[in-house]
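Take a look at the structure below.
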Protein chains: 2
Amino acid sequence: MEGMGEDTMKGKSTGRGRYHHGDLRGALLDAAEALVRERGVDGWSLREASARVGVSPSAAYHHFSSRDALVGALSLRVLGQLGERMGRAADLPAEADPHRRLVAVGQAYVRAALEDPAVTRLAFGAGASPAGRGSGVEPRESGVDPLAPHPHRVLDAELDLLVKSGHLAPAARTGADFVVWTAMHGLAALLADGLIAVDGPEAADRQTERTVRATLTGLHHEATPSEPWPTPHSAHTTRTADAPS
Amino acid sequence: MEGMGEDTMKGKSTGRGRYHHGDLRGALLDAAEALVRERGVDGWSLREASARVGVSPSAAYHHFSSRDALVGALSLRVLGQLGERMGRAADLPAEADPHRRLVAVGQAYVRAALEDPAVTRLAFGAGASPAGRGSGVEPRESGVDPLAPHPHRVLDAELDLLVKSGHLAPAARTGADFVVWTAMHGLAALLADGLIAVDGPEAADRQTERTVRATLTGLHHEATPSEPWPTPHSAHTTRTADAPS
DNA sequence: CCCTCCATCTTAACAGTGCTCAGATTGGTG
DNA sequence: CACCAATCTGAGCACTGTTAAGATGGAGGG
């Protein structure tokens with residue numbers, strides 16, 4: 001779905017051997033994303049990404065001021081894609097019920113974390129790195145579709161819709177976005193970090209639905225008893241701190 | 001509260017110059033934790049931690065099979081401390097109301113993330129690293145109080161109590177721990193990753209209370225309209241992907 | 001057409017990293 | 001006291017992020 005189409009202009013094919021790559025910045029982002037997916041958030045190096053693109057290590061520094069900047073840019077791109085995905089999920093004509101729309105948004109959010117845990121982890125965590133903020137020179141945020149909405153904004157719009165349609169009391173609207181975001185994000189983070197395991201995307205969807213609905217109507221007001229539940233990857237049981245020789 | 005008391009047995013003082021350190025493993029964990037606090041999850045090196053303890057870099061490898069193993073052990077220790085903290089918060093005689101107990105547990109969880117974002121991030125994220133699982137030799141999980149309960153277990157017990165006291169329908173009990181954990185964890189993760197900002201611990205406490213209560217009674221059934229809300233550190237606005245020279 | 005400009009990329013190098021291995025140093029045990 | 005096994009040291013390897021100085025070649029003006 002990506003990784004092909006390395007140069008959009010000019011002839012030739014892979015860009016290997018070409019001195020001027022065409023879109024090195026994008027290619028580096030692609031390579032980094034693939035590496036993150038393959039080997040985890042930190043299981044790769046700038047040099048490796050450069051080599052994969054067919055370029056010397058220092059070439060990357062003409063597009064990103066540091067490795068952290070690369071990660072930050074990738075984070076932005078992934079967050080944008082996530083926002084788009086959420087928006088698309090909400091606009092599916094399947095069911096126009098505002099509750100269902102919100103559930104769909106949450107499911108898109110959580111599924112992304114389930115399908116691509118490492119990339120999602122990177123996307124969420126890039127802001128906390130020490131050099132994350134002020135390492136750059138110029139803010140020109142190229143490479144990212146500036147129209148791509150942040151996940152939080154998509155959620156916010158959805159809640160407005162919920163109020164307008166009379167499904168949420170205006171008094172409860174203030175800050176409700178954070179409550180719902182928190183719920184979605186918690187599930188996504190627990191899955192991405194491997195602290196919880198579910199078997200299959202459908203199970204994740206059910207869990208997401210219950211979580212989102214609970215924040216709206218409350219666990220107290222549940223009708224249907226429910227099905228198989230996540231299993232905790234209990235760190236105390238599973239993970240071990242080892243001592244060698 | 002920690003970092004002092006380097007050698008519990010034998011005389012001398014700092015352990016510097018002593019060939020046998022006494023408790024190098026613990027000292028390394030302390031140093032690593034301090035470094036994480038000071039410079040972020042990845043802003044430190046094994047060598048640096050070793051140097052801070054006054055020991056050669058390779059000494060660490062007699063206690064941890066790799067750097068990742070150190071991080072994993074630290075994660076376990078921090079999670080244990082978090083569990084204890086949650087348990088303590090629940091047992092405060094302040095208010096015995098089961099709802100309030102659950103809120104207190106959540107507040108302990110979230111406050112930890114707020115006070116020590118980097119360490120908390122490490123604690124949660126250590127399991128997802130590629131070498132996290134099978135890198136070790138022997139599972140002897142020394143150094144960690146084996147009685148320290150995992151946060152999830154504390155939460156679970158609290159929900160049982162909620163059912164026993166008639167505040168939660170048994171039908172809704174199954175999987176409710178995951179729903180509540182998800183909510184707490186989402187807030188903690190968003191705060192630790194800097195995707196949300198609140199001003200002061202009290203604001204965080206209020207947000208936590210609302211979040212936990214929402215998962216129980218639902219946003220729909222809220223009575224009191226509420227106060228200042230978190231501000232999104234909107235990544236699209238704040239963070240920038242930079243391009244040099 | 002050529003020629004200059006300058007963004008783009010390269011080669012070379014530096015300090016610092018995780019990790020290994022052969023050997024020095026010890027506290028405890030026979 | 002002598003030994004042993006645990007503990008720590010020192011040197012060294014392959015690799016990392018990052019920087020500096022020089023090569024390359026596409027774009028635009030003459």
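Every heavy atom of this structure was used, including side-chain atoms; hydrogens, water molecules and symmetry mates were not. Numbered from 1 within each chain, the chains take letters A, B, ... in sequence-line order.
Computed from coordinates, the A:R25 CZ to C:dC9 P distance equals 13 Å when rounded to whole Å. Counting to the nearest Å, the P atom of C:dT25 and the CG atom of B:L24 are 19 Å from each other. Rounded to an integer number of Å, the gap from CZ of A:F64 to P of C:dC9 is 11 Å. With rounding to whole Å, B:W44 atom CH2 is found 11 Å from C:dG18 atom C1'. The separation between B:H62 atom NE2 and C:dG27 atom P is 17 Å, rounded to whole Å. As rounded to whole Å, 10 Å separates atom C1' of D:dT16 from atom CZ of A:R67. At whole-Å resolution of the value, CG in A:D23 and P in C:dA7 are 18 Å apart. Rounded to an integer number of Å, the gap from CG of B:L28 to P of C:dG18 is 12 Å.
A search for side chain to side chain contact (heavy atoms under 4.5 Å, CB included) contacts involving A:S50 returns A:L28, A:L46, A:V55, A:A60, not counting sequence neighbours. Residues that satisfy the side chain to side chain donor-acceptor pair (under 3.5 Å) test with B:E115, not counting sequence neighbours, are B:R85. Take A:D177 and apply the side chain to side chain contact (heavy atoms under 4.5 Å, CB included) test, not counting sequence neighbours, and it matches A:H152, A:D156, A:L159, A:R173. A:V154 pairs by the side chain to side chain contact (heavy atoms under 4.5 Å, CB included) definition with A:M86, A:P149, not counting sequence neighbours. For A:T211, the side chain to side chain contact (heavy atoms under 4.5 Å, CB included) test picks out A:A183, A:L187, A:Q207, B:V179, B:T182, with sequence neighbours left out.
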Next item on the list: Go through the steps for A:L155 and A:M184 under the test side chain to side chain contact (heavy atoms under 4.5 Å, CB included), then give the verdict.
Entry: CA-CA 10 Å; A:L155 190 62; A:M184 289 170 23; 3.7 Å; yes
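A salt bridge links A:R77 to A:D30: one of the charged nitrogens lies within less than 4.0 Å of a carboxylate oxygen.
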Give me the distances for all protein-to-nucleotides 10-12 of chain D N/O pairs that come in under 3.5 Å?
residue : atom : partner : partner atom : Å
D:dG10  : O6   : B:S58   : OG           : 2.7

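Taking the six-membered ring where the residue is Trp, B:W181 and B:F178 present tilted rings, their angle falling between 30° and 60°.
Side-chain proximity of B:L46 to C:dG18, D:dC8, D:dG17: nearest is C:dG18.
Taking only side-chain nitrogens and oxygens, B:H63 comes nearer than 4.0 Å to OP1 or OP2 of D:dC8.
Helix bend of the helix from C:dC1-D:dG30 to C:dG30-D:dC1: the angle between its two end axes, each built from five pairs, comes to 10° after rounding to 10°.
The ring of A:F124 has its center no closer than 6.0 angstrom to the ring center of B:F124.
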